[in-house]
Structures are given as structure tokens and as C-alpha cells.
Amino acid sequence: MIRPSFHSSPAFLARATDLGEADRRLTFFTRDAGVLVTVGKSAWRSRKRFGGTLQRYVLLDIAWTERPGRMAVLSSASVSRSFWGIVEDWERVRYADHLLEIASELFPQAGPKPKAFEVLLRGMGSIADGEPPPETARRAEAEFLAIGGWGPELSGCRKCGEKEGRSYRFLASEGGVLCEGCPPGGGSLLSLGAVKTWNALKTGKTAARSRLRIPVVIAEELRTVIPGYVEYCLGKQLRSLGNK
């Protein structure tokens, strides 16, 4: 008989669906195992095992067991830190859901995801503490993309190398920006300030990124461009922000 293996990790609950009358299918984004799908046996009924811990916007410490060929079984969950400031405002809820969605979608592979988890953790804290949710989202999106190796290249025009043009066009298919004169045409217009801001979010050190304030006009430029590029990398639309 194959004995189950035991595991534990800090985690956020990303999704929960019912399995029958008592069980729940629980999807977590974890620091040490990436995206983890578990079954919570009698999760609706067993207050002794889980109490009210299985909620979103809460940093959990979870433990689970695994057997080859079977879904992992959640064995325990406890609250490490709560982010209840998120539920005070619907916009905060939308953006917190957005961070959970893109973390799970951009890093679906099993295995440790400490850098991505840290970005998610900081983002949840920032939203709960009252930082403007769109600003938090742009910062987290840029960091997630950089961690995953998706870029984009923002140091200058992808074709001619121009670095100080007044404006650029972002083309997801080119993986970066083009100046006004280089083909192909199209793309989303971005000012030099917006390009430099995105590049700073992508390449800066954690402390510098945390201190960076995004002016309203630049945040508006980046509002659809960065999420749109995330969707391009994923090959599908994000559910959490709708039309963003």
C-alpha cells in the first residue's frame, strides 16, 4: 500500500466549488507548491477542522496529503494574516481577485513559486491598506510578467533602438515598443513617461518599486495596455476585471 505524502505551505485560496453536499474543491496559490487543487472533505460541515478559515483575502498556513493518481486532500488550514480591509470596498475586492487570478494563470506549473507568491502577498497587503487598487495591480502585473520571463522589452524601440522619443506604440506581438516611424503600424500609444514607468516596475528592485508612485495620467495610459499584454501572454481573457 502506498502511503500518502504530507506537505504544507503558506497559501491563498483562489477558487472554491462544491463537490456534493459536504465536500469542496479548493484551489490555492501556494508559496511552496504553486497552484494546488485539493478536496476539502466535509468542508461545509467540519468546523473543528477548518472553522471559518477557508476564505479569500486571508493568508493561510495549509497542510495536505497526496497519493499518486488522486486529488490532494486538505488536512488543515489556519489563518496567518487577514486582509479584511479588502472587503470594505467592491473595487478592492475586484482587484484582489485580479491578483489571485493572474498569479494562478501565469504560474500554473507545480513547484515552488516564492517570488510570485511574495508579489501576491505584497499586493494583497497594499490593497487592504488603502493603496489605490489600479496602481497596485499595475505594479504586481509588471512584476509577475518579469518573474515569468515574458518581458516585455521597454528600453527603446524594438526596431531602431530609439530611446528618447516623445511617444511609442506598444505591440504585444512585438514583445515591446516601437517608435512612431518603424513598421508595423498599429499598437497602443504610450508616452515616454509611461514606457519608463512600466520599465521601472519591471526592472527595479523591490524597495524602489514599492516607493514608486504612478501619476494618474500615466496610470490611465497603462490601464488596458499591461492587462492586455497579460491576456496576450495567457492566450485568453481575464475574468476578474471584465472590461478593465
Side-chain angles (χ1 to χ4, degrees), residues 29 34-35 95 98-123 126 133-215 217-241 244:
F29 188 77
V35 175
Y95 278 92
H98 179 62
L99 297 192
L100 285 167
E101 181 182 14
I102 60 177
S104 300
E105 294 289 352
L106 285 174
F107 304 97
Q109 305 87 353
K113 301 292 185 296
K115 292 182 179 180
F117 190 84
E118 181 60 30
V119 172
L120 177 60
L121 179 58
R122 287 200 309 271
S126 295
E135 184 173 328
T136 299
R138 301 299 84 82
R139 182 178 291 110
E141 289 161 350
E143 291 188 71
F144 282 137
L145 288 167
I147 290 169
W150 287 282
E153 175 53 51
L154 299 165
S155 62
C157 175
R158 295 281 284 166
K159 295 294 177 69
C160 71
E162 169 63 55
K163 297 181 181 295
E164 295 295 331
R166 295 181 59 184
S167 64
Y168 292 87
R169 296 169 294 116
F170 180 79
L171 282 79
S173 60
E174 294 290 327
V177 294
L178 299 177
C179 66
E180 295 179 358
C182 287
S188 301
L189 289 176
L190 289 178
S191 67
L192 178 60
V195 173
K196 287 187 172 182
T197 297
W198 189 354
N199 199 43
L201 292 174
K202 180 174 77 78
T203 61
K205 294 183 179 180
T206 298
R209 283 193 296 253
S210 298
R211 293 192 299 267
L212 181 64
R213 301 270 70 88
I214 305 176
V217 64
I218 288 180
E220 182 61 24
E221 285 188 72
L222 298 175
R223 181 175 65 89
T224 57
V225 177
I226 300 183
Y229 184 59
V230 173
E231 292 181 332
Y232 177 84
C233 293
L234 291 174
K236 63 180 180 181
Q237 290 187 323
L238 296 166
R239 301 182 303 275
S240 48
L241 293 187
K244 298 175 275 295

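Numbers here are sequence positions counted from 1. Quantities reported herein were computed from a predicted structural model and do not represent experimental measurements.
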Item checked: Nearest heavy-atom neighbours spanning Leu189 and Arg169 -> CD2-CG, 3.6 Å

Check: How far apart are the closest heavy atoms of Leu201 and Ala142, and which atoms are they?
Finding: CB-CB, 3.6 Å

Margin query: Show the nearest heavy-atom pair for residues Lys163 and Tyr168, with the distance to one decimal.
Written below: C-OH, 3.0 Å

Notebook entry, point to check: Using 30° and 60° as the class limits, which term best fits the ring planes of Tyr232 and Tyr229: parallel, tilted or perpendicular?
Noted result: parallel

Please list every donor-acceptor pair under 3.5 Å in which a side-chain atom of residues 145-156 meets a protein atom from a residue at least two apart or in another chain.
unit_1 : atom_1 : unit_2 : atom_2 : d
Glu153 : OE2    : Ser155 : N      : 2.9
Glu153 : OE2    : Ser155 : OG     : 2.2

Check: If you round to the nearest 0.5 Å, how far is CD of Glu101 from CG of Leu99?
Finding: 10.5 Å

Margin query: So, taking the atom named CD in Glu135 and the one named CD1 in Ile214, what distance separates them when rounded to the nearest 0.5 Å?
Written below: 4.5 Å

Note to self: Set out, in order, the CA-CA distance, both residues' side-chain angles and the distance that settles side chain to side chain contact (heavy atoms under 4.5 Å, CB included) for Asn199 and Lys202, then state yes or no.
What the structure shows: CA-CA 5 Å; Asn199 199 43; Lys202 180 174 77 78; 3.5 Å; yes

Next item on the list: Over all heavy atoms of both residues, which pair between Lys159 and Pro184 is shortest? Give the atoms and the distance, please.
Entry: NZ-CD, 3.7 Å

Next item on the list: Compare all side-chain heavy atoms of Glu164 with those of Lys196 and state whether any distance is below 4.5 angstrom.
Entry: yes

Notebook entry, point to check: How about Arg213: does its CZ atom have over 12 heavy atoms from other parts shown lying under 6.0 Å from it?
Noted result: yes

Result block: side-chain N/O donor-acceptor pairs under 3.5 angstrom for residues 115-123, not counting sequence neighbours:
unit_1 : atom_1 : unit_2 : atom_2 : d
Arg122 : NH2    : Glu143 : OE1    : 2.5
Arg122 : NH2    : Glu143 : OE2    : 3.2

Margin query: Is there a side-chain contact between Val225 and Glu221 in this structure, where contact means two heavy atoms from C-beta onward sitting under 4.5 Å apart?
Written below: no

Notebook entry, point to check: Of the non-hydrogen atoms in Leu190 and Phe170, which two are nearest, and what is the gap between them?
Noted result: CD1-CB, 3.8 Å

Note to self: Contact between Thr224 and Ser188 at the side-chain level, heavy atoms closer than 4.5 Å - yes or no?
What the structure shows: no

Notebook entry, point to check: Are Cys157 and Glu174 side-chain neighbours, meaning at least one heavy-atom pair lies under 4.5 Å?
Noted result: no

Notebook entry, point to check: Does a side-chain heavy-atom distance below 4.5 Å link Ser167 with Glu180?
Noted result: yes

Item checked: Rounded distance (nearest 0.5 Å) linking atom CG of Leu171 with atom CZ of Arg158 -> 11.0 Å

Notebook entry, point to check: Between CG of Leu100 and OG of Ser240, what distance do you get to the nearest 0.5 Å?
Noted result: 9.0 Å

Next item on the list: Taking the side chain as every heavy atom from C-beta outward, state whether Leu178 and Pro183 have any atom pair closer than 4.5 Å.
Entry: no

Next item on the list: Please round to the nearest 0.5 Å and tell me the distance separating atom CZ of Arg139 and atom CD of Glu141.
Entry: 11.5 Å

Next item on the list: Calculate, to the nearest 0.5 Å, the distance between atoms CG and OG belonging to Leu222 and Ser191 respectively.
Entry: 8.0 Å

